[in-house]
Each structure stands twice: as structure tokens, then as C-alpha cells.
Amino acid sequence: MHASGRESITEYYPPRTGAIIALVFFLLMTALPGFVVFDGSEQLVMRVLGGLAMALFGFGVYAMLEDLLRPQPTLLVTDQGFTYRGFPHVAWAEVERVRLGIGRLRKGGRAEMFAEVVLRDPAEFRDRVQALGDVTMRRNPDRRLFIVAERLPVPVPMVVDVMREHHPGLSVRAVEDAPADAPPAAPRSPDRDMVESALVSALTEALPVGWNLAVLWFSLVGDDGHAGIQLELTDPDADHTDELQPSEEILTLLNRLKEVCYDQMTGTWLSGQVVLRAASTKAEFTLSFKEIPDWLPIPEPDECRRELATYPRAGDEIPTWLRQRIS
């Protein structure tokens, strides 16, 4: 953070590792066609094509050198607002709140920590994106504004803390926090506390040394199940993967949790997550009785029918996507 006049400014630049790897790649791809271009025995057409390839990859070398020598900030935060690369400037008065969470933001991508900036007037911001945003954003102007770790040199929560330093009135909420008007929780089975406790114990035992945050995400519709453990480590450079596969014990306990959460009216959960924080002794359970993560494929009709046959629920408690899938 540094001062500019009376206003403080915080700038975050993208990590250099990606640009360095890309520079090495473009240098290699620029050099290889040279063997053809400068070989007098090659046909003219091949030499011309080789020259075009050298020019194309040479432009990539120039772009990567530009990024390394004169980098542009990914995120610039001031007392008036912030500018995230690829988006127009956002004033604090435009921001309703910031939501912190972990999830997959791209289909097929891995779960990652993110901060979603919820705006008071998304339509007005969309018009500015179309006018000022980069090419990618103009093609998808309704895309929500997510701040992600891959474009920053520090963890996302640290960035949000800096935002609050610049704007103390900023409202920050975790994604798993329930809104004030959320429906009441499903009735708890007497066995549910026991299963949740066993699940937390099994999850804790599976975590590596030096973990800071762990999120067990899961989805089960019929026999179509998916699960994973996303980690945030205290030392990002530690020799550990940031995503683990759940053990058989954890998967068995998830099946048991589905059973003990069943209610004749609302059915049972279709997906959920368990959040563990090293600094807290409390585990956070979030269960959804109607939705599955949008990065997962919709289960086959037979699996949807098996879900409702095993755990029947009231007609008005069957989500629209599930009803359409079995019709």
C-alpha cells in the first residue's frame, strides 16, 4: 500500500510465474521454425510458413516481455472504490456487499476461494462492461464480478480485508451464511449429531499438517455421487496438493448422513458442504435439499427416479429441474 496525495492506494499485480512459463514457451516456438526458414534446401512454401509461425510466436514473446517489464495491476483499491482488470471502475457506493466462498466458477475447473462483488445496480454496470470492458467480458456482460486467487499474489480473504480498510462500511458475508428470510432447517434426526461428529473427526484426520481451511463438498442423487476436499494451506509453498479425495470412511458417513437427514415432507439433501477452519472448533454444515452444484452434470433420469423412490418427498418439494428430468 502506498499514499498518493491524501488518498491511500493498494495495488496487486499478477504472479510472474505464469508469464515466465509462457515466455519460455513462445521463445521455444519462435526458435523452432528457424531451422526451416534458414534451410536453403527447404521448399519456398515451407520457409514462408515457417516465417509466419516465427512472426506469430514472436508477437507472443513481445506480449510476455511487456507483461514482465511493464506489468499492469490486476486489482487497484482506493478509498473511493476499486478497479479489477477487465472491468470498469467500481465505486464503493455501487457495492451492496461482498460474498466470500469456495466453489467452482468454471465448468470442469477446480474449486477455489473467491469473493463475489454484489452490486446495487447490475444492469447499469453491465452497460459499462459492454462499453469499457475487455473483449471477453463484452461477450458475456451478465457474468458476475468474481475476484479470484489465480490473478492475485495474496489470498482472497486478505484482499477483502484490505478493501474493508479502505472502506470500513463494506458489508462482507460468507456464502454459507443463511439470509435472514431463509426457510427453517429440516427437522433433525436424533442420530444426526452423532453422524456429523463422526464425519468431522474423519475429515480432520484426513487433512495434512499445516492446513488452514478445508471444505468437503458433496452431491448425491440416487447412486450418482461426487465429492472432494478443497484445502487452503498455511504455507502455500508446502509440498501438499490443495485438493484431496475423500476416504471410504468419509463417503460411508456421507451416505449415512443422507439417511438420517431424511424427512417425509422435504426428502433429504442432494448436495452440501462442510467447512472446517483451523482457528475454530466449530464445523459449518450447509445442506441443500433442492440444488446440486452447477459445475456437475445433471444426473441421469434413472438416478433421479431412484432418489425419489428411496427418499420420497411431497410434490411441491420436488425441485423443477428434478421434475423435468424424470418427466
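Classification of the W92-F82 ring pair by plane angle, with boundaries at 30° and 60°, yields tilted. Taking the six-membered ring where tryptophan is involved, the planes of F87 and Y84 are essentially parallel, since the angle between them stays under 30° and well short of 60°.
By the side-chain hydrogen bond (donor to acceptor under 3.5 Å, both in side chains) test, T83 pairs with H89, sequence neighbours left out. Residues satisfying the salt bridge (charged side-chain N to carboxylate O under 4.0 Å, His left out) test with E249, not counting sequence neighbours, are none. R306 pairs by the side-chain hydrogen bond (donor to acceptor under 3.5 Å, both in side chains) definition with E303, not counting sequence neighbours. Scanning for side-chain hydrogen bond (donor to acceptor under 3.5 Å, both in side chains) contacts around D223 gives an empty result, with sequence neighbours left out. T252 pairs by the side chain to side chain contact (heavy atoms under 4.5 Å, CB included) definition with nothing, not counting sequence neighbours. Remark: E96 engages no residue in a salt bridge (charged side-chain N to carboxylate O under 4.0 Å, His left out) (not counting sequence neighbours). Not counting sequence neighbours, N255 has no partner by the side-chain hydrogen bond (donor to acceptor under 3.5 Å, both in side chains) test. Evaluation of the side chain to side chain contact (heavy atoms under 4.5 Å, CB included) rule for S197 yields no partner, not counting sequence neighbours. For D302, the salt bridge (charged side-chain N to carboxylate O under 4.0 Å, His left out) partners two or more places apart in sequence, or in a different chain, are R305.
For residues 27-47, the side chain to side chain donor-acceptor pair (under 3.5 Å) pairs, not counting sequence neighbours, are D39-S41.
By the 4.0 Å N-to-carboxylate-O rule, K258 lies close enough to E307 to be salt-bridged with it. Salt bridge D263/R313: absent, no basic N to carboxylate O contact under 4.0 Å.
In this structure the side chain of I147 reaches within 4.5 angstrom of the side chain of M163, judged on heavy atoms. Residues D224 and E300 are not in side-chain contact: their nearest non-hydrogen atoms beyond the backbone lie 4.5 Å or more apart. Between L220 and L254 the shortest side-chain heavy-atom distance does not fall below 4.5 Å. Side-chain contact between L216 and I250 is present, with heavy atoms from C-beta onward closer than 4.5 Å.
Under a 3.5 Å cut-off, the side chain of T74 and the backbone N or O of R85 do not form any donor-acceptor pair. Side-chain N or O atoms of R323 include one that pairs as donor or acceptor with a backbone N or O of G315 at under 3.5 Å. Formation of a donor-acceptor pair under 3.5 Å by the E94 side chain with backbone atoms of A91 is found in this model. Under a 3.5 Å cut-off, the side chain of R120 and the backbone N or O of V95 do form a donor-acceptor pair.
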Next on the checklist: Run S8 and D79 through side chain to side chain contact (heavy atoms under 4.5 Å, CB included) and show every step you take.
Outcome noted: CA-CA 7 Å; S8 62; D79 296 341; 3.4 Å; yes
Checklist entry - Step by step, would you call R277 with E284 a side chain to side chain contact (heavy atoms under 4.5 Å, CB included)? => result CA-CA 9 Å; R277 292 180 172 85; E284 301 170 13; 2.5 Å; yes
Next on the checklist: side chain to side chain contact (heavy atoms under 4.5 Å, CB included) for E124 and L119? Distances and angles first, verdict last.
Outcome noted: CA-CA 10 Å; E124 188 274 339; L119 301 169; over 6 Å; no
Could you tabulate the donor-acceptor pairs under 3.5 Å formed by side-chain atoms of residues 50-57, not counting sequence neighbours?
none

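M194 and V200 are members of different hydrophobic clusters when ILVMFWY side chains are connected at heavy-atom separations under 4.5 Å. The hydrophobic clustering, which links ILVMFWY residues whose side-chain heavy atoms are closer than 4.5 Å, places F146 and M158 together. By the criterion of side-chain heavy atoms lying less than 4.5 angstrom apart, applied directly or through intervening Ile, Leu, Val, Met, Phe, Trp or Tyr residues, L65 is not grouped with Y13; the two fall into different hydrophobic clusters. Each of V24 and M29 belongs to its own hydrophobic cluster when Ile, Leu, Val, Met, Phe, Trp and Tyr are linked at side-chain heavy-atom distances under 4.5 angstrom.
The line from OG1 of T78 to CD of E11 is 10.5 Å long, rounded to the nearest 0.5 Å. In this structure, F26 CZ and I21 CD1 are separated by 12.5 Å, a value rounded to the nearest 0.5 Å. Here T268 contributes atom OG1 and L257 contributes atom CG; the two are 7.0 Å apart, rounded to the nearest 0.5 Å. Residue F218 holds its CZ atom at 14.0 Å from NE2 of H226, rounded to the nearest 0.5 Å.
The hydrophobic cluster containing I292, built from Ile/Leu/Val/Met/Phe/Trp/Tyr side-chain heavy atoms closer than 4.5 Å, also comprises V221, L270, I298, L308, I318, W321, L322, I326.
In terms of heavy atoms, W217 sits closest to I229 at NE1-N, 4.3 Å.
Within 6.0 Å of CD in Q264 there are 12 or fewer heavy atoms belonging to other residues, nucleotides or ligands.
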